[in-house]
Amino acid sequence: MKIVNNKIPSVDGVGIMKGRKAFTDDYADKDSLIIKVLRSPYPFARIKQIDDSKAKALDGIEMVLTYKDFKRIPFTRAGQGYPEPSPRDKFVLDEYVRYIGDEVCAVVGTSETICAKALDLITVEYEKLEPVLDFEKAIDNKSIIHDEPEAKQMFEIGFKPKKNIAASYKMHIGDVEISLSECKYTIRETFYTQAQAHVMLEPHAVNTHIDYQERLIIYSSTQTPFHIRRIISQALEIPLSKIRVIKPRVGGGFGGKQAIHGEMLAAYVTYKTGKPAKLVYTRREVFESSYSRHPMKFEMALGADENGKLKAIDCNVLSDTGAYGEHALTVFMVAGSKVLPLYNKVDSVRFYGDVVYTNHTPAGAYRGYGAIQGNYALESAVDILCHKMNMDPTEFRKKNMMKEGETSPIFAIMGEGTEGTPMNMDTCKLQECVERGMDLIDWKNKYPSKDLGDKIKAVGMAIAMQGSGIPLIDMGSATIKLNDDGFYNLMVGATEIGQGSDTALSQIAAEELMTTMDKVIIYSSDTDLTPFDVGAYASSTTFVSGNAVFKAARKLKETMIEEAARIFDVEVEKVTFDGKTFKVESSDKEISLVDFSNEITYSEAQKQLQVTSSYVGPKSPPPFMAGFIEIDIDKETAEIDIIDYVSVVDCGTTINPMLAKGQVDGAIVQGLGMAMFEDVKLAKNGKLISGDMLNYKIPTRLDINKLTTIFVDSYEESGPFGAKSVGEIGIDTPPAALANAIENALGVRMNSLPITPEKILQKLKENKK
Amino acid sequence: MKINIKINGQNKTFEVEPGEFMLDVLRRNNYLSVRRGCDNISCGVCTILLDNKPVPSCSLLAAKANNHEITTVEGIQVEAEKLAKCFGEFGADQCGFCNPSMALTVYSLKQENVNATEEEIKAYLVGNLCRCTGYVSQHQAIKKYLGDSNENS
């Protein structure tokens with residue numbers, strides 16, 4: 001392969017570095033009305049009265065929007081396919097506010113300054129309600145967060161709003177209690193994971209205007225332009241045909257931009273006034289009023305026999321979806337479905353629990369999407385069991401983990417919100433991932449730990465899997481057009497959000513069309529101009545959208561050969577094409593692609609050659625990886641230095657090894673942030689403490705020493721050129737690997753994230769007592 | 001009020017509000033490469049060069065820049081392209097929201113210390129956050145850029 005599996009630079013790297021107009025706010029009309037949102041100071045309250053008369057009287061204020069301006073149409077911001085597996089429990093504006101930062105009303109004016117003044121002039125009378133601020137006390141609490149009659153589920157997701165349950169789920173195979181009672185070794189442990197903020201560097205942004213065809217144009221920094229169009233149409237009752245969503249360059253998403261944020265208000269303002277409008281979230285709003293990762297509690301039980309064979313896994317999970325149920329059920333299920341199949345040889349497994357409403361900032365999609373939470377719990381529990389059995393954790397995993405050619409019954413049982421899809425692991429190089437990881441980290445010599453004097457060196461590891469899109473649901477499509485002069489346009493619905501999909505998808509097209517990268521001009525995600533794609537989530541782009549591009553390229557190639565045969569006046573089978581020239585077998589007839597494209601455009605039976613193909617995965621081949629961490633931990637302060645993080649990944653063929661490495665490296669560092677210090681901190685009254693980047697720390701350059709990321713040889717038959725997806729897998733292992741390394745270093749088990757030096761010292765102190 | 005600034009080598013006069021910050025003035029005047037990432041000087045995305053030193057424009061009062069020199073990435077296009085190519089070589093670019101600000105900081109580092117070690121690069125760029133890349137590939141790319149610049153000087 002000349003293009004695929006080669007280190008091709010990003011198609012847009014130079015222009016972006018040079019500061020070309022690219023991101024959503026760069027396209028905002030200079031005369032845009034500014035929209036600012038007044039946000040709730042209370043975690044739970046009913047709005048008794050809003051006095052906006054002084055604000056409305058201000059020169060430059062166009063309108064003040066309250067819940068009275070909107071018809072009560074429930075929708076979900078989640079940004080998922082239709083029908084959504086998340087409850088429709090949100091209104092554009094509502095009489096009730098359900099978390100500190102929830103929308104009370106919006107002011108629309110000619111400048112930021114005027115809007116800020118107007119916000120100060122609005123007085124709101126609230127009836128304060130008793131908030132639910134402890135997710136373990138949410139069920140059957142006397143405060144009901146969603147008591148409104150309109151809220152509904154689109155299909156059965158266990159939605160019981162009167163009990164503060166947004167979704168619930170249970171599955172079992174065999175009888176775990178019986179299996180556990182038969183095991184020689186059992187452990188029962190409880191784990192907690194925290195809310196993590198996405199902190200993509202570009203805040204949520206949207207701008208809107210009406211074009212000369214009187215249509216509503218929405219520029220949005222989104223991962224899901226087609227879903228945005230549908231949800232806005234549904235909630236504001238604007239015909240779908242009147243809306244065009246354009247996704248320009250997006251400054252990072254990580255799941256945070258799967259949802260709809262300011263788009264609803266901006267769309268309404270422009271639709272109502274006919275004037276351009278924009279809404280750009282402040283960093284505080286991104287933290288307080290978008291969404292974060294679902295915090296979860298896991299009660300785990302594991303059992304193994306005398307030979308170290310894992311027999312039973314039991315997980316009772318409680319998840320906090322905050323004030324609204326975005327991704328409540330699906331994130332919950334992924335905590336099981338993309339974790340439990342790692343150990344497919346158990347006799348019995350059970351996974352059950354609830355996703356509850358609280359008066360916290362909502363939780364939503366975030367890279368890893370439940371898998372990182374579940375991975376931390378299961379892979380921590382596995383190490384605890386190994387310690388009990390006195391077994392090397394790598395040995396245990398090699399004995400019990402998924403192998404190539406095998407399957408797990410869980411794939412058929414658990415999907416994302418629905419039943420799953422059975423599949424065999426046609427590619428699963430976990431064995432090699434573990435073995436190479438052991439070599440690279442030098443497990444033999446470093447496990448479990450080494451006393452360095454003031455510090456202790458230790459290693460820890462974990463294995464992980466993810467998916468490649470949602471099978472039978474996620475659809476991606478691609479259109480390829482041949483232009484005169486022999487170059488191509490590639491139009492994809494797939495959503496480049498900085499992960500490099502425009503580059504990777506262009507590579508797939510260029511490889512199949514046997515051309516060079518400069519001859520494939522990609523344009524992604526414009527609901528009027530590109531074909532449909534669900535968007536950038538669920539690790540779907542390389543596999544699902546990539547397959548669509550591959551199919552389109554292949555079909556266009558066939559079409560071009562047919563047309564060439566017609567021009568040559570020979571049978572199709574006689575024509576060959578090498579990317580540059582069409583030739584007729586056993587004759588000297590030939591025509592270059594350039595001449596062919598010019599003829600077919602201008603002179604010889606002219607026609608536009610263009611094909612569209614789409615793809616829905618019949619399965620979702622999981623990428624796998626083994627993660628190994630080496631730390632030095634200070635004996636006195638428990639300060640942790642990450643010396644190296646080794647990632648050995650099976651994502652099939654890497655379409656672009658550099659970009660794939662970038663995905664894994666970046667995800668590892670986000671995972672380390674979650675493992676070590678990132679924490680959405682709330683005061684007792686539900687107020688966000690970590691509402692800016694000084695109080696919410698993400699990893700800086702100084703936190704990272706070395707990342708050793710490699711890919712094993714793997715070829716997934718069902719993927720484009722053998723590829724699986726790679727966007728999320730990297731984030732899953734750091735929390736468990738770190739917790740395991742710390743136990744190897746100090747003999748203490750850290751059962752909650754993040755694992756800070758303070759918590760470690762506290763635990764050491766407790767253990768001494 | 002009016003301020004006079006030499007921006008990217010050109011003398012310009014901007015009308016500004018007394019309390020206005022440079023970031024807003026620049027964006028209003030179509031220097032769109034300068035972008036906002038946070039509210040309180042902690043992400044580095046809005047970096048510009050003030051008299052050749054990197055500063056966050058979100059906290060620079062426009063009035064204070066009166067009679068000073070400002071550089072945005074629009075003013076160092078050749079260097080930005082060179083750096084972009086190094087980023088491309090190591091897969092160091094992802095979303096790129098922070099890349100123009102990174103180009104300015106790296107350009108400034110080059111002028112101060114073209115032989116910077118990895119530790120010195122990290123220390124110099126510590127205020128330029130990136131959530132996408134995990135940083136390591138960026139440091140490799142920046143080393144390459146500095147090395148190339150050194151060879152050619």
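Each chain gets a letter, A, B and so on, in the order the sequences are listed, and its residues count up from 1. Side chains are part of it too, since the values below use all heavy atoms of this structure and drop only hydrogens, waters and symmetry mates. What you are looking at is a predicted structure, and each value in this text was computed from that prediction instead of being measured.
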Chain A contact via [X] - which portion, at a heavy-atom distance below 4.5 Å:
X: B/Leu125; result: both
X: B/Asn128; result: both
X: B/Arg28; result: backbone
X: B/Phe90; result: backbone
X: B/Val126; result: both
X: B/Glu81; result: both

Within the distance-only criterion (no hydrogens, no angle test), does the side chain of [X] pair as donor or acceptor with the backbone N or O of [Y] below 3.5 angstrom?
X: A/Asp665; Y: B/Thr133; value: no
X: B/Lys122; Y: A/Ile704; value: yes
X: A/Arg249; Y: B/Cys95; value: yes

At a heavy-atom distance under 4.5 Å, which candidate from [options] has the highest pair count against chain A?
options: B/Val73, B/Ile41, B/Ile76; value: B/Val73
options: B/Asn40, B/Thr72, B/Leu83; value: B/Asn40
options: B/Asn99, B/Leu32, B/Asp39, B/Leu129; value: B/Asp39
options: B/His139, B/Glu74, B/Gln138; value: B/His139
options: B/Glu17, B/Glu119, B/Glu79, B/Glu89; value: B/Glu89
options: B/Ile121, B/Val34, B/Val136; value: B/Val136

Examine whether an atom of [X] lies under 4.5 Å from a heavy atom of chain B, and if so say whether it belongs to the side chain, the backbone or both; otherwise answer neither.
X: A/Val199; answer: both
X: A/Ile497; answer: backbone
X: A/Gln663; answer: both
X: A/Tyr281; answer: neither
X: A/Lys30; answer: side chain
X: A/Asn705; answer: both

To the nearest 0.5 Å, what is the distance between [atom1] ([X]) and [atom2] ([Y])?
X: A/Arg283; Y: B/Ser42; atom1: CZ; atom2: OG; result: 8.5 Å
X: A/Lys21; Y: B/Ser33; atom1: NZ; atom2: OG; result: 13.0 Å
X: A/Leu659; Y: B/Gln94; atom1: CG; atom2: CD; result: 7.5 Å
X: A/Lys661; Y: B/Ser137; atom1: NZ; atom2: OG; result: 6.0 Å
X: B/Cys38; Y: A/Asp692; atom1: SG; atom2: CG; result: 8.5 Å

When A/Lys706, A/Lys7, A/Gln670 are compared by non-hydrogen pairs under 4.5 Å with chain B, the top option: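 Among the listed options, the one with the most contacts to chain B is A/Gln670.
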Top contributor to chain B interface from A/Val250, A/Leu672, A/Thr700 [non-hydrogen pairs under 4.5 Å]: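 Among the listed options, the one with the most contacts to chain B is A/Thr700.
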For the student: nearest non-hydrogen atoms of [X] and [Y], plus distance:
X: A/Gly13; Y: B/Ala84; result: O-CB, 3.9 Å
X: A/Phe23; Y: B/Gly96; result: CZ-C, 3.9 Å
X: A/Pro203; Y: B/Gly37; result: CG-O, 4.0 Å
X: A/Pro699; Y: B/Tyr135; result: O-OH, 2.7 Å
X: A/Met658; Y: B/Gly88; result: CE-O, 2.9 Å

Verdict with reasoning, A/Asp25 to B/Arg36, per salt bridge (charged side-chain N to carboxylate O under 4.0 Å, His left out): CA-CA 10 Å; A/Asp25 195 48; B/Arg36 181 187 291 282; over 6 Å; no
Beyond-backbone contact of B/Cys132 with A/Phe254, side-chain heavy atoms, under 4.5 angstrom: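 When only atoms from C-beta onward are counted, A/Phe254 and B/Cys132 do touch, with a gap below 4.5 Å.
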Pair A/Met200-B/Arg131, side chain to side chain contact (heavy atoms under 4.5 Å, CB included): steps then yes or no: CA-CA 6 Å; A/Met200 67 300 270; B/Arg131 187 60 156 170; 5.6 Å; no
Heavy atoms from other residues, nucleotides or ligands near CZ of B/Phe21 exceed 12 (cutoff 6.0 Å):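 Atom CZ in B/Phe21 is packed in, count exceeds 12.
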Derivation of the side chain to side chain contact (heavy atoms under 4.5 Å, CB included) call for A/Ile16 and B/Asp93: CA-CA 9 Å; A/Ile16 297 285; B/Asp93 41 3; over 6 Å; no
Side chain to side chain contact (heavy atoms under 4.5 Å, CB included) between B/Arg35 and A/Leu201, intermediate numbers included: CA-CA 10 Å; B/Arg35 301 187 175 104; A/Leu201 281 184; over 6 Å; no
